[in-house]
Amino acid sequence: MGETFQAPRGFHDILGSDLKKFRKITSTVRDLLRRYNFEEIITPVVEFAKVFERSIGEATDIVGKEMFVFPDRKGRLLALRPEGTAGVVRAYIQNKLYALRPYHKLFYEGPMFRYERPQTGRYRQFHQIGAEVFGIADPHADAELLKLVSDILSELNIEAVLEINSLGCKVCRPAYREALLEFLQGVAPNLCKDCIDRKERNPLRVLDCKVQTCQEAVREAPKMVDFLCDDCRKHYEKLKEYLKALEVPFRENYNLVRGLDYYTRTVFEAVSPKLGSAIIAGGRYDYLVEEFGGPPTPALGFAVGVERLMLLVEEPQRDYELFFVIPFGEVHAYALKVADTLRKKGKVVEFSYRRGGLKKQLEFADKIRADYAVIIGEDELKEGVVTLKDMRTGEQKKVKPEEI
RNA sequence: GAGGGUGUAGCUCAGCUGGUAGAGCGGGGGACUGUGGAUCCCCAUGUCGCGGGUUCGAGUCCCGUCACCCUCCCCA
């Protein structure tokens with residue numbers, strides 16, 4: 001053997017039963033998105049780095065230390081997309097979709113890239129399916145999107161808790177931030193090292209620190225819900241009302257904040273108790289389109305972490321029958337024709353390419369879990385039939401190929 | 001970026017205080033050249049992750065390096 005290669009750290013091949021889970025997840029989500037009438041959009045995997053810096057926020061870890069950034073030949077900085085929303089927003093504006101219709105519902109699916117340390121459910125190349133709604137300010141949209149998230153979880157039979165919160169808007173968030181900051185200054189001596197740092201960068205994040213002493217220090221902290229302006233409060237109350245009407249179970253988590261800067265009002269996460277991390281997450285970003293040079297457009301969306309769901313779903317059963325055609329003796333031409341006939345009828349057929357006794361071939365039929373063995377020997381050739389053996393029951397009978 | 005663990009056959013792993021590799025599973029063949037999922041027999045593979053060091057001698061000890069796993073930061 002010569003030199004061998006390995007995929008770079010955090011990059012993985014997806015095959016076998018993992019791929020079956022992968023497809024089960026993406027096809028289930030796609031089918032649900034279709035029922036909610038979302039339209040697919042494919043955006044580039046590469047964007048100008050600025051697209052992400054401006055949307056996600058320069059101070060976030062995603063932009064600050066997790067992006068794959070590289071210069072093109074003219075020295076402009078490009079980046080592998082670390083998430084899907086920024087590119088879709090860019091495309092929405094560049095294609096002037098806002099001029100076509102009052103609102104749009106789009107979804108995307110594809111690989112995302114973050115330069116970080118791999119661990120459970122976390123890779124440098126991972127996959128998301130995400131949905132974005134542009135142009136609807138009404139909490140109907142929030143409720144529907146959350147219903148969709150809950151549909152995904154139940155269709156895939158995944159246990160998760162849907163947590164929601166409101167982060168307010170331009171009107172009310174600054175006052176809250178101020179109050180929180182003031183509170184945090186007061187308890188600063190009790191905060192962990194990370195939180196001292198967080199306090200400056202993203203004070204909201206201190207709220208969901210896992211360190212015991214921080215949780216205690218923050219217990220009496222002011223809550224965003226108490227600072228929501230009238231509009232935000234109504235929006236949030238309506239959303240909860242709709243969720244109840246839709247019978248979507250949810251839990252309010254006043255400490256739920258998101259790491260991306262663009263969120264406003266509704267934020268949510270589907271948290272898996274088994275993984276202890278979010279598997280689907282999203283929220284509203286009512287200012288992002290405008291900040292990107294488009295018309296003021298309320299918007300919201302979510303992203304599904306495919307690899308994380310893969311840790312939680314069962315491998316799907318094969319949903320078709322497999323026929324294994326076994327030529328026995330000098331009957332290959334006839335056997336190939338039989339296989340062809342079956343395939344023309346839509347059957348899934350594996351032809352036995354190997355030599356050896358019938359026994360070996362049937363063993364192989366077992367190995368590939370064939371449902372039927374189609375045995376073809378000299379006798380069958382003469383009679384123009386095949387022996388169809390049900391591998392489960394062992395029963396077999398001679399039939400004409402076209403009758404299978 | 002920080003901390004911890006692990007790298008031996010295709011897979012899961014064993015290999016005691018250093019004396020130059022092993023089991024199960026899987027794979028191939030056979031008992032059984034027109035009948036599988038049972039049983040039995042036979043066979044095979046390894047630069048012991050890579051590089052260096054200590055030693056008469058290293059899978060075993062030391063250093064470095066790479067990869068993987070787990071945790072933190074952060075996130076889907």
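To find a chain, count down the sequence lines: A is the first, B the second, and so on, and within it residues start at 1.
Rounded to the nearest Å, the gap between the P atom of U55(B) and that of U60(B) is 16 Å. Rounded to the nearest Å, the gap between the C1' atom of U12(B) and that of C69(B) is 15 Å. Here, U45(B) and A21(B) have their P atoms 13 Å apart, quoted to the whole Å. Atom C1' of C48(B) sits at a distance of 28 Å from the matching atom of G3(B), rounded to the whole Å. The separation of U8(B) from G15(B), taken at their P atoms, amounts to 14 Å, rounded to a whole angstrom. Between C73(B) and C16(B), the distance separating the two C1' atoms is 41 Å to the nearest Å. With P as the reference atom, G18(B) and G59(B) are 13 Å apart, rounded to whole Å. With P as the reference atom, G26(B) and U20(B) are 31 Å apart, rounded to whole Å.
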Just do the side-chain hydrogen bond (donor to acceptor under 3.5 Å, both in side chains) check on Glu155(A) and Thr28(A) with the steps written out, would you?
-> CA-CA 7 Å; Glu155(A) 287 264 318; Thr28(A) 301; 5.4 Å; no

With B for base contact, S for sugar-phosphate-only contact and - for none (protein heavy atoms under 4.0 Å), nucleotides 65-73 of chain B reads --SS-SBBB

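Residue Ile326(A) is classed as having no contact, given no heavy-atom separation below 4.0 Å to the nucleic acid. Residue Arg369(A) is classed as having no contact, given no heavy-atom separation below 4.0 Å to the nucleic acid. Within 4.0 Å of Asp197(A), counting heavy atoms only, lies no atom of the nucleic acid at all. Leu358(A) comes within contact range of at least one nucleobase, with a heavy-atom separation under 4.0 Å. If you check every strand for non-hydrogen atoms under 4.0 Å, Ala278(A) touches sugar and phosphate atoms only.
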Give me the distances for all protein-to-nucleotides 24-28 of chain B N/O pairs that come in under 3.5 Å?
residue	atom	partner	partner atom	Å
G27(B)	OP1	Lys367(A)	NZ	2.9
G28(B)	OP1	Arg354(A)	NH2	3.0

Under 3.5 Å between N/O atoms: give me all the protein pairs with nucleotides 38-42 of chain B, atom names plus distance.
none

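Residues in residues 121-143 of chain A take part in these salt bridge (Lys or Arg N to Asp or Glu O under 4.0 Å) pairs, two or more places apart or across chains: Glu116(A)-Arg122(A), Asp142(A)-Arg284(A).
If you check residues 307-325 of chain A against RNA chain B, the residues with a heavy atom closer than 4.0 Å are Arg308(A), listed by number. Taking a 4.0 Å limit (strictly below) on heavy-atom distances, residues 394-404 of chain A reaches RNA chain B at Gly394(A), Gln396(A).
Ion pairing of Glu216(A) with Arg219(A) is absent here, as no side-chain N (NZ or NE/NH1/NH2) approaches a carboxylate O to less than 4.0 Å. Under the 4.0 Å criterion applied to side-chain N and carboxylate O atoms, Lys147(A) and Glu144(A) are not assigned as salt-bridge partners. Electrostatic pairing of Glu315(A) and Lys21(A) does not count as a salt bridge here, judged by no charged N lying under 4.0 Å from a carboxylate O.
For the atom pair CD of Gln361(A) and CD of Glu363(A), the computed distance is 10.5 Å after rounding to the nearest 0.5 Å. With rounding to the nearest 0.5 Å, the separation of CG in Asn37(A) from CZ in Phe107(A) is 10.5 Å.
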Any chance you could encode RNA chain B as dot-bracket? Rule is Watson-Crick or G-U wobble with both distances under 3.5 Å; [ ] for pairs crossing earlier ones, | for another strand.
-> (((((((..((((.....[..)))).(((((.......))))).....(((((..]....))))))))))))....

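Residues passing the side-chain contact (heavy atoms from CB on, under 4.5 Å) test with Arg117(A) are Arg9(A), sequence neighbours excluded. Qualifying side-chain hydrogen bond (donor to acceptor under 3.5 Å, both in side chains) partners for Tyr115(A), counting only residues two or more places apart in sequence or in other chains: none. Take Asp18(A) and apply the side-chain hydrogen bond (donor to acceptor under 3.5 Å, both in side chains) test, not counting sequence neighbours, and it matches no residue. In terms of the side-chain hydrogen bond (donor to acceptor under 3.5 Å, both in side chains) criterion, residue partners of Arg34(A) (sequence neighbours excluded) are, by chain and number, Asp31(A).
Both geometric conditions, a ring-centre gap below 5.5 Å and a plane tilt below 30°, are fulfilled for Phe126(A) over the base of A76(B).
Checking Ala270(A) against Glu378(A), the closest nucleotide of RNA chain B that is more toward the 5' end is the one next to Glu378(A).
Taking 4.5 Å as the limit, every side-chain heavy atom of Leu322(A) sits out of range of all side-chain heavy atoms of Arg369(A).
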Side-chain donor-acceptor distances from residues 287-311 of chain A under 3.5 Å, at least two apart:
residue	atom	partner	partner atom	Å
Tyr287(A)	OH	Lys170(A)	N	2.8
Thr297(A)	OG1	Pro295(A)	O	2.6
Glu307(A)	OE1	His127(A)	N	2.8
Glu307(A)	OE2	His127(A)	N	3.3
Glu307(A)	OE2	His127(A)	ND1	2.7
Arg308(A)	NE	Gly121(A)	O	2.9
Arg308(A)	NH1	Ala278(A)	O	3.0

